[in-house]
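Worksheet for the structure shown next.
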Amino acid sequence: MESEDDMHDANDVESLDDDFYSGGTDDAPLDYYSDYDDDADDYFEDADRIESRRPEQNFTILKESDIQQRQEEDITRVATVLSISRVLASILLRHYNWSVSRVHDAWFADEDRVRNAVGLLEKPIVQHDNTGELTCGICFENYPRARIEMASCGHPYCITCWEGYISTSINDGPGCLMLRCPDPSCGAAVGQDMINLLTSDEDRQKYTRYLLRSYIEDNKKSKWCPAPGCEYAVTFDAGSGGNYDVSCLCSYSFCWNCTEEAHRPVDCGTVAKWIMKNSAESENMNWILANSKPCPKCKRPIEKNQGCMHMTCTPPCKYEFCWLCLGVWSDHGERTGGFYACNRYETAKQEGVYDDTERRREMAKNSLERYTHYYERWASNQSSRQKALADLQQMQNVHIEKLSDIQCQPESQLKFITEAWLQIVECRRVLKWTYAYGFYLQEHEHAKKQFFEYLQGEAESGLERLHQCAEKELQPFLCADDPSREFNDFRTKLAGLTSVTRNYFENLVRALENGLCDVDSNGASLSRATSSKSAAGSSKGRSGRVKGTFRTSMSSRMNDDSHWCCEHCTYANVKSATTCQMCYQRR
Amino acid sequence: MQASRARLFKEYKEVQREKAVDPDIQLVCDESNIFKWTALVKGPSETPYEGGVFQLAFSVPEQYPLQPPQVRFLTKIFHPNVHFKTGEICLDILKNAWSPAWTLQSVCRAIIALMAHPEPDSPLNCDSGNLLRSGDVRGYQSMARMYTRLAAMSKKG
Ligand SMILES: [Zn+2]
Ligand SMILES: [Zn+2]
Ligand SMILES: [Zn+2]
Ligand SMILES: [Zn+2]
Ligand SMILES: [Zn+2]
Ligand SMILES: [Zn+2]
Ligand SMILES: [Zn+2]
């Protein structure tokens, strides 16, 4: 209903002066909106005036060449400062997770200790005179000196055995970056110079790859973009506020903190809970029973192929954990009741299967309905978003060029269409997460809940309006034979809708991130704000603006004469009710 | 295949020569298959396994020595790091701490060392591990000694 009205109002805007928008200032849509519909009007108008607090970008996207360059620079820096070879510098950096400052600190605090821990020997352990044959410590054959290689320790192995040793290690995974002399009592590091000398081209490439990956994966300040197929990395400068959103050059946005898809306004904890919830509710519980579990630390799947519950992840992670409870192994002492407790829990669960299923069924019945409501909406926004992404691609790859020809407009002037689609994609993302937000809103916070749903409803219809315009109203111009005179009106409308929707969503995100904290504190004053116009107009202070935003939008709902607002809990009751339906206080 | 066979043959010859050197270990190669070995190891003294002789079965992979051999106890043993039913052994050098410089002989030595120094924190035998972890050393020792007597000592003695 409402959105139909809005469509109508939006169409009115087409009569606005074109020049007004071609100026392209950010303020333009503000006035645009004051001629919008009365209901959402004040909310948007007021929201618009809050300058977007766009924080400085606190991340950098790295291409492969950037990564290589940074890695080289770090290695050179360490080699220069410590006066050691680049090979040794590289080994050191790998051990200290590519932190140049940590290498420096450790080295200058106690060089000998560092050398020992990392396996950089100053003198060989075993000395050989250069004559005669040496026995390889792996195949036990005798070889002339020329067929023998050794690390800095001097333990002799023949070239064939070295090749097998190095190749096995490289094919076992990134643990090869920490390769040591095969002698069990010796910790001498095997550096990249030996690797290059004793391995095939293919393995050498793998090794180089691991080295590059390690620079991103073992470094606390960088991560790979999690988008499938994307090869960019991100470095993040923490400590600049709580905004973890990162957007990659591949257009994927994700949360630096939890590496899930960007999820503002919902926090990482809620996202994790929600994702867990989804997988728990889906019948796909089988993965728990399957033979592979993700390493609790690095998430690589670890297969259990031995009876031992003591699991050790593959190098370089080497995380030791308990197969039963996925807890860290070192915690399996008296404190947690020991290993036996995990075992007992498993046994008890098996014996109590019947009770457990019954209880679960009961719980499921109660919660499933509510969950399904939120999940369906979450999922449908998700698929809308996927669809919008595909449409955006199609627009960029095909339609823009076509449209440019038909309407005789340079492509640069059609950017407003791409921008509209980018906005739609972003809004679908936000909207999607508001359903997870809603699911976890406390049941007893009636006013908050009601207000949240109101904002969400407005967001849904606002976005629907934009989506409609970008999708349906564009069509005639794409099918036309000649330039259409109405095209400029279309531009005005779509650009306006994009801007208005962007502002609405930015404010929505901020409001939800603040936990809708203004609702409670201003509950009492809501009913007094009878005129939305005056309330919005009079709030000039920054904090006042936000509050005014809520007050006016809430009161605009009150103004429809069919509701009254409870002074105690702010619930909007129907006119006919004499006591508040939420808190049972008299009107 | 060829490399592993050559290496095992070296070890075979070494074992023949060293027999007298390490009286606690007797490594025997299967007569028809050089990739199958058994070993008899003596329970270390001053442990509940003292006086027992324990049989180990080795199954050597073709990638040996780049890959570790599989070893298990054939003789029943009550030990935190040995599976009571299967004889499977939880020992780091048989898993990710393997190095091709280890030999079957040195693996036997490592297993003897493990018998003397159990690691109750990575138990394959929970009962045994928990006795030790709860500080009930006597309980563990008497159980271990009982099984040594039952399974690892010749019936005559
Ligand atoms: Zn060799
Ligand atoms: Zn060495
Ligand atoms: Zn990316
Ligand atoms: Zn997150
Ligand atoms: Zn791991
Ligand atoms: Zn556990
Ligand atoms: Zn009330």
Side-chain angles (χ1 to χ4, degrees), chain A residues 135-142 155-158 160-169 171-173 175 179-186 305-318 320-324 329-335 337-344 346-347, chain B residues 2-14 17 61-68 70 72 80-103 105-107 109-110 119-135:
Chain A
T135 307
C136 166
I138 292 177
C139 65
F140 304 139
E141 302 282 353
N142 293 329
H155 290 124
Y157 302 98
C158 76
T160 317
C161 285
W162 267 117
E163 286 169 351
Y165 180 64
I166 291 171
S167 170
T168 306
S169 169
N171 287 291
D172 269 357
L179 195 64
R180 310 249 186 177
C181 163
D183 189 301
S185 63
C186 174
N305 47 16
Q306 277 159 315
C308 185
M309 292 299 164
H310 179 183
M311 305 303 294
T312 307
C313 185
T314 48
C317 173
K318 287 184 174 168
E320 294 181 59
F321 61 94
C322 164
W323 175 260
L324 288 179
W329 191 261
S330 55
D331 276 349
H332 278 65
E334 267 57 65
R335 209 149 44 77
F339 175 81
Y340 197 51
C342 297
N343 212 25
R344 254 208 319 247
E346 200 68 7
T347 325
Chain B
Q2 205 46 53
S4 55
R5 184 178 290 276
R7 154 82 185 243
L8 283 168
F9 188 65
K10 289 259 176 209
E11 289 195 43
Y12 173 78
K13 284 201 293 189
E14 188 67 15
R17 207 171 55 77
E62 284 176 19
Q63 297 80 15
Y64 183 80
L66 295 173
Q67 301 289 343
Q70 289 182 339
R72 59 187 191 93
N81 311 110
V82 183
H83 196 284
F84 191 67
K85 286 209 177 91
T86 63
E88 185 191 326
I89 305 167
C90 186
L91 181 59
D92 59 350
I93 64 146
L94 293 175
K95 295 177 181 174
N96 37 29
W98 172 255
S99 157
W102 289 95
T103 61
Q105 181 88 12
S106 57
V107 166
R109 263 185 231 118
E119 295 270 357
D121 283 337
S122 71
L124 264 175
N125 179 336
C126 298
D127 293 338
S128 168
N130 282 299
L131 281 173
L132 270 182
R133 269 153 42 133
S134 63

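Numbered from 1 within each chain, the chains take letters A, B, ... in sequence-line order. FYI, side chains are in, hydrogens and waters are out, and symmetry mates aren't considered; it's all heavy atoms of this structure.
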Please report the closest heavy-atom contact between [X] and [Y], naming both atoms and the distance.
X: B/A101; Y: A/P182; result: CB-O, 3.5 Å
X: B/N96; Y: A/C313; result: ND2-O, 4.5 Å
X: A/D183; Y: B/S99; result: N-OG, 4.4 Å

Heavy-atom cut-off 4.5 Å, strictly under: side chain, backbone, both or neither for B/P100 against chain A? both
What part of B/T103 gets within 4.5 angstrom of chain A, counting heavy atoms only: side chain, backbone, both, or neither? side chain
CZ/A/R180: more than 12 non-hydrogen atoms of other groups inside 6.0 Å: yes
CZ (A/F140) with more than 12 external heavy atoms under 6.0 Å: yes
State the CG-CD distance between A/D172 and B/Q67, to the nearest 0.5 angstrom. 6.5 Å
Rounded at 0.5 Å granularity, tell me how far CD in B/Q63 sits from OG1 in A/T168. 8.5 Å
Among A/G164, A/S169, A/G137, A/C136, the residue with the most heavy-atom pairs under 4.5 Å to chain B is A/G164
